[in-house]
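A short write-up of the structure that comes next.
Just so it is clear: chains get the letters A, B, ... in the order the sequence lines come, proteins before strands, and each one is counted from 1. Every heavy atom of this structure was used, including side-chain atoms; hydrogens, water molecules and symmetry mates were not. In this text, all values refer to a predicted model and were calculated from it rather than measured experimentally.
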Protein chains: 2
Amino acid sequence: MSVTIKDVAKVCGVSPSTVSRVVADNPRISLETKKKVREAMEELGYHPNFNARSLVANSTATIGIIMPRATEDVFLHPFFPEVIRGISVAAHEKDYMILITTGSTQEEQLEAVSKMIHGKRVDGVILLSSQENDPIISMLIKWDFPFVLIGSPDQYIDQVNYVDNDNITAAKSATLHLLQSDHQRIAFIGGSKDLVVTKHRLEGYKQALSLVDIPYDEAMTAFVAFSKEEGYVAIQQLFYVEKKPTAILVTDDLIAIGVLTALKEQGYKIPEDVSVVSFNNFSMAELYNPSLTSVDISIYSLGYKAAKRLFLLIKDASMNPQHIEVPYKLVIRQSSK
Amino acid sequence: MSVTIKDVAKVCGVSPSTVSRVVADNPRISLETKKKVREAMEELGYHPNFNARSLVANSTATIGIIMPRATEDVFLHPFFPEVIRGISVAAHEKDYMILITTGSTQEEQLEAVSKMIHGKRVDGVILLSSQENDPIISMLIKWDFPFVLIGSPDQYIDQVNYVDNDNITAAKSATLHLLQSDHQRIAFIGGSKDLVVTKHRLEGYKQALSLVDIPYDEAMTAFVAFSKEEGYVAIQQLFYVEKKPTAILVTDDLIAIGVLTALKEQGYKIPEDVSVVSFNNFSMAELYNPSLTSVDISIYSLGYKAAKRLFLLIKDASMNPQHIEVPYKLVIRQSSK
DNA sequence: ATCTGCAATTCAAACGTTTGCATTTAAATC
DNA sequence: GATTTAAATGCAAACGTTTGAATTGCAGAT
């Protein structure tokens, strides 16, 4: 078996507790002993057993991430790798590890969080999205477990730590950008209707319209999943009507690409016939032809800041919940006019 | 504190060991007792403490992944999310979790693996790439710890489990595809020279050339890091010479996009003046204009199969090392002629 | 009535740490 | 030289499980 604290102790002729204190660099151990013990550790190739340690210390230097469905399509969407990248950099800075589980259904996800938390495998959790009435959030609050939400909560607003963009204002200014080019008929394509981010962006869109007294028209909206295919489908719906939109605000680049594909197929010129503005500013937004006007929401930063906040929370669980706002930036390219 | 096995035992009037055996669904416990205990567990909200369990059972239902550098650029490259997606689906099937660490330098990476393994935090490890003389691989072999390499090892070929494409043949046939269009001057842009994958693809490239008696010319090769910028730089070098290439084999789509950007800037028409074939077939290969001819190496599959293999290995450590080959497929698009 | 055998359960040790408290040792003070 | 003090270290319990061996209870065989 592997070498334990006892082996080191025996070699050095000290007690296990002394070795433990050397590992922890406890000032009550003499420098002489420390040196001796450290040499022995090196020699024997000692590495502390993490399970034993967390068992008693009740901490794990690990943060948990719960990913929506493990099936084919997650991780396919560039949002997740990018946000995890941010988390991962922050974790690396603090010498934390990242534990990832996936759950297909919401039940599975709840089960997964529960396993992580009650199994004492993580010190805190980062949630990657929130829905209307999210049971995971209520559970975490009930358990009083440190967590940070990326995105905004639907309820318990002042009980949860969350980092998000100001999506209302972002959508508003993106819409205004289109209105400035005199578009009168602007459509909106959002994600699933019970995602908070969808609500926010729809709200911003409405606010912009009302500023210029254009009535909100439900027939000009569509709500789809985050994929190219769905963007394609949404166009069939939106352009099936008499008075076609001349501009579209799309909640995601990936969807936008589906949108553009469909529009091109139907012979529309971009941006002459239809302008498209989307969100996220993935690298494909720049690479695609025409390049996409997109709101950069700084996904990396969302992840990084969430992790930073979580570390604080782990240290001091009694901290007041805080809302951290990450700036956005409209990047204008060829797809809008 | 949280509810333990002892609490459940007390409530049911049985011993902790009985509860433990109920959790493990041991047949030596009567159905009656099982039912009673399970109800109590439900009632009290019992969840086993994972650390305590792995401490004695010496297993963790977790696999470790070590990512190269946590700095800005990893996870930025689409290879990693995609391969992790494969791993993650396999893990989900087996109810395994994934533990991720990052290390900037090779030393940090070694340290990270060591921490995972000796800290008893994972049952097995998946390596995402291998270099010439990789010290991590020799360590893992020395420790006799279950691991699977994605890519091919440089040494210890018959001691390691690895899953990879046949990169030699893949590069060969990609080059032949170009040769069939009568290209005489084909350049090669690879990744870092001490990556095994670079060696293999270079080898395939050479083999194809020799088939048609074109001499290998080192001036027609460049070796760069995996980014657009570096692709751009490579072109400055390769087109600085008298007799310019008419075709380029590039080891990665991301690099290829940098290559295309540079070529377009210098006024070359793609594919009329220069043909480009690359590897990986990321979604951007399809979206870019012109769309990229690319060798699809089935990255998802690499991850999935590696994880599958690892599970077998964890079950039976004495299994003979195996090499799993994942098929590739040349996808011809607009960038080559 | 005693013994055997079996099913169901309990006992107790072990896993490798951490940590409050007790003990030892040696120097400092009176 | 006895006593106090401080520093350095050791002791032992605790963390929450698992598991081989021991125990109990009871039906059936002798």
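- No salt bridge links B:Lys315 with B:Asp123; every basic N to acidic carboxylate O contact stays at or beyond 4.0 Å.
- Put simply, CG on B:Leu44 is 15 Å from C1' on D:dG16, counting in whole angstrom units.
- If you take NZ of A:Lys6 and P of C:dC15, they are 6 Å apart, rounded to a whole angstrom.
- Residue contacts for A:Gly13: at a heavy-atom cut-off of 4.0 Å it reaches the sugar-phosphate backbone alone, with no base atom in range.
- Both A:Glu32 and B:Val23 sit near DNA chain D, but only A:Glu32 has its closest nucleotide nearer the 5' end.
- At a cut-off of 3.5 angstrom, counting only N and O atoms as typed in the model, there is no donor on one side facing an acceptor on the other between the side-chain of A:Arg121 and the base of D:dG16.
- Of the side-chain N and O atoms in B:Arg28, none sit less than 4.0 angstrom from OP1 or OP2 of C:dA8.
- Computed from coordinates, the A:Asn51 CG to D:dG16 C1' distance equals 12 Å when rounded to whole Å.
- Atom CG of A:Asp25 and atom C1' of C:dT19 are 16 Å apart (whole Å).
- At a threshold of 4.0 angstrom between heavy atoms, the contacts of B:Val14 are confined to the sugar-phosphate backbone, with no base atom among them.
- When rounded to the nearest whole Å, the span between NZ of B:Lys120 and C1' of C:dT17 equals 12 Å.
- If you check every strand for non-hydrogen atoms under 4.0 Å, A:His47 touches sugar and phosphate atoms only.
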A:Asp154 vs A:Asp134, side-chain contact (heavy atoms from CB on, under 4.5 Å): CA-CA, chis, key distance, verdict: CA-CA 8 Å; A:Asp154 180 47; A:Asp134 201 317; over 6 Å; no
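- A straight line from CZ of A:Arg53 to P of C:dT19 spans 10 Å, rounded to a whole angstrom.
- Here B:Phe311 and B:Tyr96 bring their ring centres to under 6.0 angstrom of each other.
- Judged by distance alone with a 3.5 Å cut-off, no donor-acceptor contact links the side chain of A:Arg21 to the base of C:dT17.
- We find that NZ of B:Lys35 is positioned 20 Å from C1' of C:dT9, with the value rounded to whole Å.
- Between A:Thr33 and D:dT9 there is a side-chain polar atom (N or O) within less than 4.0 angstrom of OP1 or OP2.
- Atom pair B:Asn49:CG and C:dC15:P shows a separation of 18 Å (rounding to whole Å applied).
- Paired with B:Tyr162 under the rule side chain to side chain contact (heavy atoms under 4.5 Å, CB included), one option of B:Leu127, B:Ile157, B:Ile150 passes, and it is B:Ile157.
- Heavy-atom nearest nucleotides on DNA chain C were determined for B:Ser17 and for A:Pro48, and the one closer to the 5' end corresponds to B:Ser17.
- In this model, the phosphate group of C:dG16 is not approached by any side-chain N or O of A:Thr4 to a distance below 4.0 Å at OP1 or OP2.
- Checking the phosphate oxygens (OP1, OP2) of D:dT9, a side-chain nitrogen or oxygen of A:Ser30 falls inside 4.0 Å.
- Listed for the A:Asp164 side chain is a donor-acceptor partner under 3.5 Å among the backbone atoms of A:Ser152.
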Salt bridge (charged side-chain N to carboxylate O under 4.0 Å, His left out) for B:Glu39 and B:Lys36? Distances and angles first, verdict last. CA-CA 5 Å; B:Glu39 274 164 8; B:Lys36 187 175 59 183; over 6 Å; no
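- Contact annotation: B:Ser20 side-chain N/O to D:dT18 OP1/OP2 distance is under 4.0 Å.
- A close approach under 4.0 Å does occur between a side-chain nitrogen or oxygen of A:Thr18 and OP1 or OP2 of D:dG10.
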